[in-house]
Each structure stands twice: as structure tokens, then as C-alpha cells.
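Report on the structure given below.
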Amino acid sequence: MERIRINQHVSYSRIVQGFWRLNEWGFSNQQLNDFLHELVDRGITTMDHADIYGQYTCESLFGDALALTPNLREKIEIVTKCGIILPNDSHPHFTGHRYDQSYEHIIQSVDQSLLNLKTDYIDTLLIHRPSPLMDPEEVTRAVMDLVNEGKIRAFGVSNFKCNQYELLNESLKKEKSHISVNQVEVSPLQLENIEDCTLNRMLQHDVKVMAWSPLAGGKIFDKEDEKAQQVLSVIQPLATKYQVSVGTVIYSWLLRLPSKVMPIVGSSKLDRVDEAIAATKLQLTDQEWFDIYVASRGTDIL
Ligand SMILES: NC(=O)c1ccc[n+]([C@@H]2O[C@H](COP(=O)([O-])OP(=O)(O)OC[C@H]3O[C@@H](n4cnc5c(N)ncnc54)[C@H](OP(=O)(O)O)[C@@H]3O)[C@@H](O)[C@H]2O)c1
């Protein structure tokens, strides 16, 4: 499995596993531990989390499974996120749904993630979504303290557009730091980050890109969704031609992007994880890539 260098301390596997839906998988601690070993055996070592996943439960489920094999931690990279407040029963002091990217919240959130994940460091902390109230200098101060205390080894953002990225990155640069990763939504049903400045700017600045919901959260398989059906009518014949799954064609389409996108697999099923891995060996022609792109746009290129 290809590795992508994030900074001098951290590298990721080209295919990343996501844990947003972990609380729905019904895994025991042992089953999740087995799943993690299967991933590592396949070369998938990078695990994507957020504090809020599963109403703040997924990190703890993961930490409990990780603790069953103490040396597993050093074989994986943990990415987690902070900056969204979700009111729920376990957090009665969160009175409303909002963003919080204050110094205090970032530090508290990371300390809680470390406890949940049963680890003493996070490989990469991401700010989950850009906030209109974000003070870049305050975020920078929190990031620098977390780095200096050894609690995080790299820093990034998620769902940031070019101007939001630049605002925060300029502040970090004053402290000789920078944004290393931007995690954004990209799929054949979601072209926005390909068509606006986002992916190009990340490539220009050597910021690594993770793609969330690479299969559009499963919507690509929705028989009632007109756009999905339109795109599938192009992908299905390619899957037949190359004797792979539809999923493999989609992952291959993502891997073809010049910014070396790292797709985040959302499934707990190993055969679907293997569909993503198979894509690392499938090269679509440029024409095939554009046929999928045009099917998604709904209009031909000029
Ligand atoms: N930064 C952000 O704002 C953000 C937002 C969303 C997600 N994420 C990250 O991205 C990861 C992946 O997102 P995602 O879960 O939306 O990924 P996805 O791969 O686009 O969607 C996964 C869903 O598709 C279904 N699926 C996969 N293959 C299928 C098939 N052949 N037929 C029918 N259904 C199929 C899966 O069902 P099964 O489980 O049954 O396979 C699952 O429900 C998350 O875990 C999270 O780590 C980040």
C-alpha cells in the first residue's frame, strides 16, 4: 500500500478507514480489534475519527478495542477532529448546536479524545468545519501548545475552502507551522471541491487531501436517485470491462486526481474495504475518467 507523507513525523496509508458509522456496526470489542488487525494486514493503517461521531461514542468504542492489543497503537495513525458542539444527553452543558474553536474547547476536546481513544498522542488533529467565528490566532495558539506537549503530531482542517485555509495557514506560518491535511467531500456525485479552487490550492501548497464519503455515503447505489443512476450508467460498464466492482471504479476515479486524494472507506465490510484496495491497481483511461465526470456534471465539457 502506497504511503503519503504528511510531515516529518506522520505518514498515512493511501486508503484510509473511517469510523463515523462505527456505533452502527454492532461490533464487540474483540470483533473491532480483529477488524483493525485485518486492516493493518492489508496495509490500511490510518483511522479517521471525530469527537462527535456516534454522538460522542465512536472514539471510546475504538479505544476499548485498541486496548486489547497494546502494540497495535504504534502500527496505526489516528486522525480525529474537533470544533463542533452537538447537544446530547452525555453532554448536558452543550446547550445548542454550534461551532466552538476557542482555545479552551480545542484543548479540552483533545484531552477527551486522548482518554476516549486510550492513547497519549493523536497523529493528526483536524478542525472539523470552518467557523465564521474562528479566530486564527487562537486556533494557532492551541495547536502550538498541543504540538509542544506531544499530544498531536500533525494538524489539519476539514471542509475548508481556499480562503478559510489561507486565513488559518497564514497564522500558523508565523509560528513556523502549517496545515498539513484538508479532509473534504469528493465523489462522482460531489464535484464541488474539484471544480472550485480547493483541490488545486491544496496541490499547489502540498497540503494532503482526504476524501470523505467517496461513495457519496452510499447514495451512488440509490435506485431512486436520478443523478446516481445517470453516473452509474457510465460506471457499471467500466466495472464489467475491468471485472471489478462499481466501488473499485469509483475509488480508482478518485485516486486519479493529481492531488493524490486519500479516499476514506466508510464500510465495516472487509470485501468492501478490498474493493477500495483493488482500485490502487486499476488505472482508468483519461477518457473513462472524463466520461464519469461528464455524467456527473450532466453537461459536456466545452
Ligand atoms: N470530515 C467530514 O466532515 C466527514 C463527513 C462525513 C464522513 N467523514 C469520514 O468519511 C468516512 C467515510 O464516509 P462515508 O461512510 O459516508 O463513506 P461512503 O463509502 O461514501 O459511504 C459508506 C456507506 O455506503 C454504503 N455502501 C458501500 N458500498 C456499498 C454497496 N456496494 N452497496 C450499497 N451500499 C454500499 C455503506 O454500507 P455498508 O456499511 O453496509 O457497507 C455505508 O453505509 C467516514 O467514516 C468519516 O470517517 C468525514
Side-chain angles (χ1 to χ4, degrees), residues 12-13 15-27 31-32 35-36 39 44 46-55 57-59 61-62 76-84 86 99 113 117 122-131 156-161 164-165 179 181-193 198 202 208-225 228-229 231-232 235-236 239 244-255 261-279 296:
Y12 291 177
S13 52
I15 306 290
V16 174
Q17 178 67 41
F19 290 91
W20 175 29
R21 303 170 194 271
L22 168 58
N23 64 320
E24 299 165 15
W25 293 348
F27 279 171
Q31 284 170 323
L32 179 55
F35 181 66
L36 297 178
L39 293 172
I44 297 182
T46 306
M47 313 293 169
D48 185 64
H49 283 274
D51 56 346
I52 58 170
Y53 284 174
Q55 297 278 325
T57 63
C58 292
E59 285 184 335
L61 292 169
F62 188 93
I76 64 171
E77 303 81 43
I78 298 178
V79 179
T80 196
K81 316 182 189 80
C82 70
I84 302 178
L86 271 187
Y99 298 138
S113 291
L117 293 158
I122 286 162
D123 292 276
T124 311
L125 176 72
L126 308 181
I127 299 294
H128 205 150
R129 285 191 175 269
S131 166
V157 292
S158 180
N159 302 300
F160 272 47
K161 293 293 177 193
Q164 296 152 341
Y165 154 77
I179 290 171
V181 184
N182 192 1
Q183 184 180 124
V184 294
E185 184 179 11
V186 194
S187 78
L189 294 190
Q190 180 49 268
L191 303 181
E192 183 180 307
N193 290 302
T198 311
M202 298 308 117
K208 304 304 186 297
V209 175
M210 304 166 85
W212 62 262
S213 289
L215 306 178
K219 201 164 96 184
I220 195 86
F221 303 103
D222 184 352
K223 294 201 166 34
E224 308 297 317
D225 189 295
Q229 289 305 305
V231 175
L232 267 188
I235 294 175
Q236 186 61 64
V244 296
S245 70
V246 162
T248 297
V249 174
I250 294 172
Y251 287 113
S252 172
W253 186 84
L254 288 167
L255 293 172
V261 159
M262 292 172 276
I264 313 176
V265 176
S267 179
S268 63
K269 302 183 173 78
L270 284 171
D271 53 346
R272 291 182 176 168
V273 172
D274 287 337
E275 291 178 11
I277 295 171
S296 176

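Atoms within each ligand, like the ligands themselves, are counted from 1 in listed order. The model shown is predicted, which means the values in this text are computed figures rather than measured ones.
Distances below 4.0 Å separate heavy atoms of Phe19 from the following atoms of ligand 1: 45 (O), 47 (O). Near Gly217, with a cut-off below 4.0 Å to any heavy atom, the atoms of ligand 1 are 16 (O), 18 (P), 20 (O), 21 (O), 23 (C), 24 (O). Listed by number with element, the atoms of ligand 1 under 4.0 angstrom from any heavy atom of Ser267 are 38 (P), 39 (O), 41 (O). Near Tyr53, meaning under 4.0 Å from any of its heavy atoms, are these atoms of ligand 1: 4 (C), 8 (N), 9 (C), 46 (C), 47 (O), 48 (C). For ligand 1, the atoms lying closer than 4.0 Å to a non-hydrogen atom of Asp48 are 9 (C), 46 (C), 47 (O). The contact set between ligand 1 and Lys81, taken as ligand atoms under 4.0 Å from a residue heavy atom, comprises 1 (N). Those atoms of ligand 1 that come under 4.0 Å of a heavy atom in Gly18, given as number and element, are 45 (O), 47 (O).
When non-hydrogen atoms are compared, ligand 1 lies under 4.0 Å from the side chain of Phe221 (C-beta onward) but not from its backbone. When non-hydrogen atoms are compared, ligand 1 lies under 4.0 Å from the side chain of Asn159 (C-beta onward) but not from its backbone. Residue contacts with ligand 1 for His49 are absent, since no atom lies close enough (heavy atoms, distance under 4.0 Å). Looking at Trp25 against ligand 1, nothing comes within 4.0 Å, counting heavy atoms. Residue-level proximity to ligand 1 for Ala216 is carried by the backbone, the only part with a heavy atom below 4.0 angstrom. Within the 4.0 Å heavy-atom criterion, the part of His128 lying near ligand 1 is the side chain and not the backbone. With a 4.0 Å heavy-atom cut-off, ligand 1 is reached by the side chain of Ser158 but not by its N, CA, C or O.
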Open item on the list: Using the rule given for side chain to side chain contact (heavy atoms under 4.5 Å, CB included), can you reason through Leu117 versus Phe62, listing the C-alpha separation, both sets of side-chain angles and the distance that settles it, and then say yes or no?
Closed with: CA-CA 6 Å; Leu117 293 158; Phe62 188 93; 3.8 Å; yes

*Are Tyr251 and Ile277 close enough, and set up right, to give a side chain to side chain contact (heavy atoms under 4.5 Å, CB included), and what steps lead you there?*
CA-CA 9 Å; Tyr251 287 113; Ile277 295 171; over 6 Å; no

Mind running side chain to side chain contact (heavy atoms under 4.5 Å, CB included) on Phe19 and Leu61 for me, showing each step along the way? CA-CA 10 Å; Phe19 290 91; Leu61 292 169; over 6 Å; no

Begin from the C-alpha positions of Leu125 and Cys82 and carry the test side chain to side chain contact (heavy atoms under 4.5 Å, CB included) through to its verdict. CA-CA 8 Å; Leu125 176 72; Cys82 70; 4.0 Å; yes

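Residue contact annotation: Gly247 has no non-hydrogen atom under 4.0 Å from ligand 1. Residue contact annotation: Arg129 has a non-hydrogen atom under 4.0 Å from ligand 1. For Glu185, the closest heavy-atom approach to ligand 1 does not fall below 4.0 Å.
At a threshold of 4.5 Å between non-hydrogen side-chain atoms, the residues Tyr12 and Lys208 do not count as touching. No side-chain heavy atom of Val273 sits less than 4.5 Å from a side-chain heavy atom of Ser267. Between Leu215 and Arg272 there is no side-chain heavy-atom pair separated by less than 4.5 Å. Contact check for Lys219 versus Leu189: side-chain heavy atoms found under the 4.5 Å cut-off. The shortest distance between side-chain heavy atoms of His128 and Tyr99 does not fall below 4.5 Å. Residues Val246 and Phe221 meet the side-chain proximity criterion, which asks for heavy atoms closer than 4.5 Å. Looking only at side-chain heavy atoms (C-beta outward), Phe35 and Leu270 come within less than 4.5 Å of each other. Looking at Gln164 and Val157, their side chains never come closer than 4.5 Å, going by heavy atoms from C-beta outward.
Closest to atom 44 (C) of ligand 1, if we only count protein heavy atoms, is Trp20 CB, 3.4 Å. If you check which protein heavy atom lies closest to atom 10 (O) of ligand 1, you get Trp212 CB, 3.3 Å. Looking only at heavy atoms of the protein, atom 25 (C) of ligand 1 is closest to Gly218 CA, 4.0 Å. Given atom 42 (C) of ligand 1, the protein heavy atom at minimum distance is Arg21 NE, 3.9 Å. Remark: minimum distance from atom 40 (O) of ligand 1 to any protein heavy atom is reached at Lys269 NZ, 2.4 Å.
The option from Ser187, Ala211, Ser213, Ser268 that lies nearest to atom 13 (O) of ligand 1, judged by heavy atoms, is Ser213. Here atom 19 (O) of ligand 1 lies nearest to Leu215 when heavy atoms of Asp222, Ile250, Leu215 are compared.
When only interatomic distances are considered, the shortest N/O to N/O separation between Arg272 and ligand 1 falls below 3.5 Å. For a threshold of 3.5 Å applied to N or O pairs, the pair formed by Ile264 and ligand 1 contains no separation below that value.
A donor-acceptor pair shorter than 3.5 Å cannot be found between the side chains of Gln190 and Ser213.
Between Glu192 and Lys161 there is a salt bridge, since a side-chain N of the basic residue sits under 4.0 Å from a carboxylate O of the acidic one.
Nearest approach of Gly266 to Trp25, heavy atoms of both residues: O-CZ2, 3.6 Å.
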